[in-house]
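Computed over heavy atoms, backbone and side chain alike; hydrogens, waters and symmetry mates excluded. In what follows, every chain begins at residue 1, and chains take the letters A, B, ... in the order their sequences are listed. Being a predicted model, the structure only gives us computed values, none of them experimental.
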Amino acid sequence: MKYFGKKLITLIMTLFLVSVAAFLAFQVIPGDVVTSILGTEATPEREEQLREELGLNDPPAVRYFHWITGVLQGDLGVSYRYSKNMNEMMPVAELIGDKLPVTLWLAAVSLVFIVAVSIPLGVLWAGLSDAAHGRRGGMLARVGHILDAALGVVTQATMAVPSFFLGILVTYLLGIVLGLFAPGGYVSYQENFAGFLVYLIFPALSIAIPKIAMTSRFLRNSMLTELSADYVRTAYSKGTSKRRVMYGHVLRNAMMPVVTFLGMIVAEIVAGSIVVEQVFGLPGIGRLLISSISTRDFPVVEILILYITFVVIFVYFLVDILYRVIDPRISGT
Amino acid sequence: MKQSGSGKWNKYFVAGLFMTGLAVLLGIVGFFWTPYSTTEMSAAEKFAAPSMQHLFGTDNFGRDIFSRVMQGLGTTISISSLVVLCSGSVGILLGAVTGYFGGLLDEVVMRITDALNGFPSILLTLVIISVLGSGRQNVIISLGLVFVPSFVRIVRSEFIRLRDMDYIKRARLMGVGKLRILFVHILPNIFSVFWVSVMIGFNNAILAESGMSYLGIGVQPPDASLGKMLSDAQGYLQSAPWYALAPGLTIVWVVLGFSLFSEGIRRNQ
C-alpha cells in the first residue's frame, strides 16, 4: 500500500513538471500572439484589450497558475487559430472533445489486434523453436527449424518498416489493389459507428503490425528462457502433457515481462497514432497536434501534450501495479 | 560443427554490410552527382513507370525518382549521422561522469533521463520543433536532444560496471589522473557495447527524421527528403504506386541493413 502511495506521488510530481515544462516552453517563443490573431491592422486599443483578455500582461508564474487551475477545473483555455464565430473564441475543450474518441478507439482497436495476434503467435513460435532445437529430431524438427527462421526474418523485416510507410502500403495493397476499403473515405463515428470501426481496422493494422512483430519475438524469447528452467523438466517427468506445460506453466511465467513490454507498447501506440492519423486522414488528436504545431496554436499544443503525457504516465503506473498483482514476489521498495 | 550465424563474417554482418554500404554509397554520390537533374521538370515524361532509363520511374513533374531518392538518402543519412554524433558525444560525457563519480549529479541526471525515457520520443521532438520551428538544423537539434538519454544510460551502466575493476583500482593507486582513467582506461572498453546502441540510435534517427519530414515538420524544400517524397506520392498511389514505393522501400532497406549489421556485430563479440 505504501508503495502505491509513493508511486502516486511520483505520478503527480511528473505531471506537474511536464505541465510546467509544456507551459514554459511556449513562453520563450518569439512573435506576438495578439498580432497573429488580430493581424497587423488592428488598433492599439483593441490589441491591449485582447492582451488583457488573454491575461498576457501578467507575469509567467501568475499565468501558469491561472492556466493550471483552469485546466484542473476543466477550463482548457481558448485556441488562437480557430474561432466559433466572429466574436467568440474557440474553447480548446470543444476542439478536442469530438476528436478524442477517434484516437482512443484507434488505440483500442490496435491494442486488441496486438494482444490477439502476438500472444498466440509468440506461443506457437516458441513451440516451433523448441521442437527445432529439441533432441527428438525428425520431420517436426526440420519443419520447425525452417518456420522458426522464416518468422525471424519476417519479424525483423517488419520492424524496419516505418509506420507511415506501412500505412501507405496498407492503403495501396488492401485499399487500392484488393479494394477492401476506400482510402480517404473516413466514416464519422457520430454518423455510423459500425462503419467507423470498420474503417479503423486499416489504420489500426498499420500501427499493430510492427508491434505484433516485436511482441511475439519478445514472448518467444521469454518462453524459450522459461522452457529451459528446472520446473519444466520436473513437470514433464511427472507426466504432464506438453500442452499443459506450455500453457499452464511456461506461458504464465513468460507473460510477466510481456506485461511490462505491452505497457511500453501502449505508449508507442499513442505516439504511432499521431503519424498514422495523418496517413489515413483520421480527424483525431494526433492530427490536431500536428496542425496546431504548424499553425503555432500553442494553447492547443500545451493541452494535447499534457493530455498525451498523462495517458502514457498513467499506463505505466497501471502496468507497475498490475505487475505487482500478478507476481506477489516483487514487494514494494 | 560451427554454429551458423556466428564468427566474424556471419551472414547478418555480410548482409548488413552490403545493404548499408550500398545505401551510404548512393547517398554520398547523390551529394555530387545524380543520373538526372532532381529539379528539372518534364511534362512529356510524367509518371513514367520504372524502366531502364528511369530505374524507379518518374514523378508527377516528370522528375527521375531514383535521382531524388539518392539525394534524399544523402539528407537522411547525413542528418542521422550528425544526430548520433552529437547525442553520442553528450551521452559519453554525461554517462562517464555520472557513472564514475555517482553522487548528486548522477541522481539528478538519472531522474531526468528516467522521465524522458518514459515519454514517447516523438512528443518531445514535436515540442522542441514547435518551439524552434522546422528546418534541417532544428531537426538535428531536437533529435539530438531526444536521443541523449538512451546513450547516457548505456554509457553510465558500463562505467559503473568497470569503475571497480581491479585494473582501474590499480590505476587509481598509481596516481593516474581522473580524466585519464575516464577516457583512456575505461572509455575504450565500453565501445563494443556502445557501438550497438549507436547503430540502434542511428536507425531510430532515420525513422524519426523521415517521419518528421513526412509530417511536414522536418527538413523543408529545397532539401530533398524521403519522408517528404512519400507524403507527396500518397496522392498518386492509384496511378503511380512506384512513386511511393521507391522512397518507402529505400527507408526499409537502410533500416533493415543497419539492424542486420548491428546484429552481426553483436554476434561477433
Checklist outcome for this item: With chain B, the option among Val161(A), Ile168(A), Val275(A), Val270(A) that has the most non-hydrogen atom pairs under 4.5 Å is Ile168(A)
Next on the checklist: Do Leu245(B) and Leu169(A) make a side-chain contact, defined as non-hydrogen atoms from C-beta onward lying under 4.5 Å apart?
Outcome noted: yes
Item to check | Atom group of Glu268(A) that falls short of 4.5 Å from chain B, counting heavy atoms | outcome: neither
Item to check | Heavy-atom side-chain contact between Thr250(B) and Phe165(A) under 4.5 Å | outcome: no
Checklist entry - Taking C-beta and beyond as the side chain, do Ile290(A) and Leu126(B) meet within less than 4.5 Å on heavy atoms? => result yes
Next on the checklist: Counting only non-hydrogen atoms closer than 4.5 Å, does Val279(A) touch chain B with its backbone (N, CA, C, O), its side chain (CB onward), both, or neither?
Outcome noted: both
Item to check | Tyr236(B), OH: over 12 other non-hydrogen atoms inside 6.0 angstrom | outcome: no
Next on the checklist: With a 4.5 angstrom heavy-atom cut-off, is it the side chain or the backbone of Leu289(A) that approaches chain B, or both, or neither?
Outcome noted: side chain
Checklist entry - Rounded to the nearest 0.5 Å, how far does CD of Gln234(B) lie from OH of Tyr172(A)? => result 14.0 Å
Next on the checklist: What's the separation between atom OG in Ser231(B) and atom CZ in Phe164(A), rounded to the nearest 0.5 Å?
Outcome noted: 9.5 Å
Item to check | Which portion of Leu249(B) sits near chain A, non-hydrogen atoms under 4.5 angstrom | outcome: both
Next on the checklist: Within the structure provided, determine whether Ser259(B) and Met159(A) are in side-chain contact (heavy-atom separation under 4.5 Å).
Outcome noted: no
Checklist entry - Hey, does Leu230(B) have a side-chain heavy atom less than 4.5 Å from the side chain of Pro162(A)? => result no
